[in-house]
Amino acid sequence: MFTINLKRVFKTGYKNFHRNDWLSMATVLIMVLVLFVLGGLVFFSALAGTILGNFESKIDITVYFKPEAPEAGIFDVKKEVEALPQVADIKYISKEDALVQFKEKNKGNALILDSLNELGDNPLEAALNIRAKTPESYAAIGDFLAKKNYPLVDKINYFENQEIIERFGAILGTIKGWGAFTLFILAFLAVLVAFNTIRLAIYTMREEINIMRLVGAANWFVRGPFMVTGVIYGLVAALAASVMFFPLTWLIAPKLSFLVPQFNLFSYFIGHFVQFFGLMLVAGVALGLSSSLIAIRKYLRV
Amino acid sequence: MILFDKVSKIYSKDSVALKNVTLKINSKEFVSVVGSSGAGKSTLLKLLMREEEPTKGKIFLDGVEVTAMRKNQLHHMRRRIGTIFQDYKLLPAKTVYENVAFAMEAAGRHDEEIAEDVPQVLEIIGLAGKKDSFPHQLSGGEKQRVAVARALINRPDIILADEPTGNLDPVNTKEVIKLLLKINDLGTTVILSSHDANVINSIGRRVVVLEKGEVISDEEKGKYIV
Ligand SMILES: Nc1ncnc2c1ncn2[C@@H]1O[C@H](COP(=O)(O)OP(=O)(O)OP(=O)(O)O)[C@@H](O)[C@H]1O
Ligand SMILES: [Mg+2]
């Protein structure tokens, strides 16, 4: 008896969805919009994560040594810094290495190379290049170096990209904040629209509902169909949004790869499709179901 | 057993439908509730199935206080009652067949049962040929008979028949009354409301007379004299 009723509830729920073709369409459409923004935010977070990771891998501390500093002294410093738990990697760059690197970097600049040749002597300093295990541990390493105040050290170049990262992080935060805000507003609108559609379905069916009650239909038998209708809105929207993301990510991916070569939107989408589709389903069903529950609570006091 | 215990229904100040009505109806009884238009007959039936709430008093059905039942439990009680509504309450978008089947669906009956029972009842009520018609394509009497069919379809313990013959010709009136009597013989409590003296007097069972919301007479094998 339970399953047969369930079947009827689903049938009526589907009929409600079907009966108000245009309204249902509009409802699904605005839900798709919400899911688009949600999906967009997910992609944006992934992209931002890639960019940030990129930047972070480029942070380092470079310690430059005075020209007269003996290599043995530099290695002593290296050993001490290496012992720090925060340090992931430390690299010694001799004066000669530095010169080679410098020349390589300024290959095309004749002026600089000429003046370098004129100087005769190697003006570059030996250096230690330090990488921390996490971006947050650079501060501790910096503190350590400052406290030690090694006499051989000429100058320390802290966190070259630190400021960029912080600024970038702040921008990301703002964009995510606005995205979430937009999502929230749209979700609210979607619930409102779906709520109204379901309210109309309840209104259209009010005579039927009244008679259903009088001939002895159970509470949930009367309410169920409208919940089913709400869930159908969410399911259709989730399906539509997920399908539409295929061509969309495929089209955008090359343009994004141009900006951030490490990030391929389409592969990311395909690679995470199951999670992505799950998210769309959960969000869509949550939207639809909450809309219908509100409408039922307000207009279907059985 | 049905008990109305000092029940009053006041819709508004100038619309007092029932005044302090006390009425006991035993199981398997056939009771006619009579009275002129506006006497409160429909209200009495509506209160019993909780379509309306009483202003004062209590109503019991087999010892259970109907008036105190939780709303989400009402359907258990309503499934035991088949109602022939004075205004039919047929669904305009459903055919005769679907209207009757609908009551079975709402009560959670199986498809096979529905496919078996509905044609049978339509046959009994003489509407087998009209099973695919919509209510607006039916005459008043035909609609009334659909309402009768729907009330009977779930084999209820109690039938509330609110003017079930109001729109029927003498032949059909006789048929419906005969049907109600037969169902009563099979063990169903029947409460019939009517203001048709001829109908009531032909039955020869208990008659409760309402006037302006009050019970003014209650007799076994009663007569209704206008
Ligand atoms: N929903 C309502 N709101 C206000 N007054 C109502 C309502 N329903 C019924 N009444 C009033 O209550 C009184 C009794 O009505 P009821 O329908 O019970 O009469 P009745 O005996 O069934 O009459 P009839 O024979 O015409 O069907 C009437 O005066 C009617 O106007
Ligand atoms: Mg009436």
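Throughout, protein chains are lettered first and strands after them, A, B, ... in sequence-line order, and every chain is numbered starting at 1.
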Point to revise | Between CD on residue B:Glu51 and CZ on residue A:Arg213, distance to nearest 0.5 Å | key: 10.5 Å
Review point. Can you tell me how far CD of B:Glu105 sits from NZ of A:Lys7, rounded to the nearest 0.5 angstrom?
Key: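 Reported value, rounded in 0.5 Å steps: 9.0 Å.
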Residues, nucleotides or ligands: over 12 heavy atoms within 6.0 Å of [X] [atom1]:
X: B:Lys28; atom1: NZ; result: no
X: B:Glu123; atom1: CD; result: no
X: A:Phe273; atom1: CZ; result: yes
X: A:Phe184; atom1: CZ; result: no
X: A:Tyr203; atom1: OH; result: no
X: B:Phe134; atom1: CZ; result: yes

**Study point:** Counterpart residues, side chain to side chain contact (heavy atoms under 4.5 Å, CB included), relative to B:Arg155 (two or more places apart)
**Key:** B:Arg109, B:Asp117
Exercise for review: Begin from the C-alpha positions of A:Phe221 and B:His75 and carry the test side chain to side chain contact (heavy atoms under 4.5 Å, CB included) through to its verdict.
Suggested key: CA-CA 10 Å; A:Phe221 189 76; B:His75 62 278; over 6 Å; no
Donor-acceptor contacts under 3.5 Å from residues 275-286 of chain A side chains, at least two apart:
none

Point to revise | Steps toward side chain to side chain contact (heavy atoms under 4.5 Å, CB included) verdict (B:Phe85, A:Leu214) | key: CA-CA 10 Å; B:Phe85 298 95; A:Leu214 290 178; 3.7 Å; yes
Practice item. Ignoring hydrogens and angles, tell me if any N or O in the side chain of B:Arg78 forms a donor-acceptor pair with the backbone of A:Val215 under 3.5 Å. Key: no
Review point. Which residues in residues 89-100 of chain B have any heavy atom lying under 4.5 Å from a heavy atom of chain A?
Key: B:Lys89, B:Leu90, B:Leu91, B:Lys94
Review point. At a heavy-atom separation under 4.5 Å, does B:Arg50 approach chain A through its side chain, its backbone, both, or neither?
Key: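 Contact with chain A is absent: no heavy atom of B:Arg50 under 4.5 Å.
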Identify each donor-acceptor pair in which a side-chain atom of residues 57-65 of chain B lies under 3.5 Å from a protein atom, sequence neighbours left out, and give them as a table.
unit_1	atom_1	unit_2	atom_2	d
B:Asp62	OD1	B:Met1	N	2.4
B:Asp62	OD2	B:Arg80	NH1	3.3
B:Asp62	OD2	B:Arg80	NH2	2.7
B:Glu65	OE2	B:Thr67	OG1	3.3

Review point. What do the steps show when you test B:Phe102 against A:Ile211 for side chain to side chain contact (heavy atoms under 4.5 Å, CB included), and what is the final call?
Key: CA-CA 10 Å; B:Phe102 176 76; A:Ile211 296 171; 4.0 Å; yes
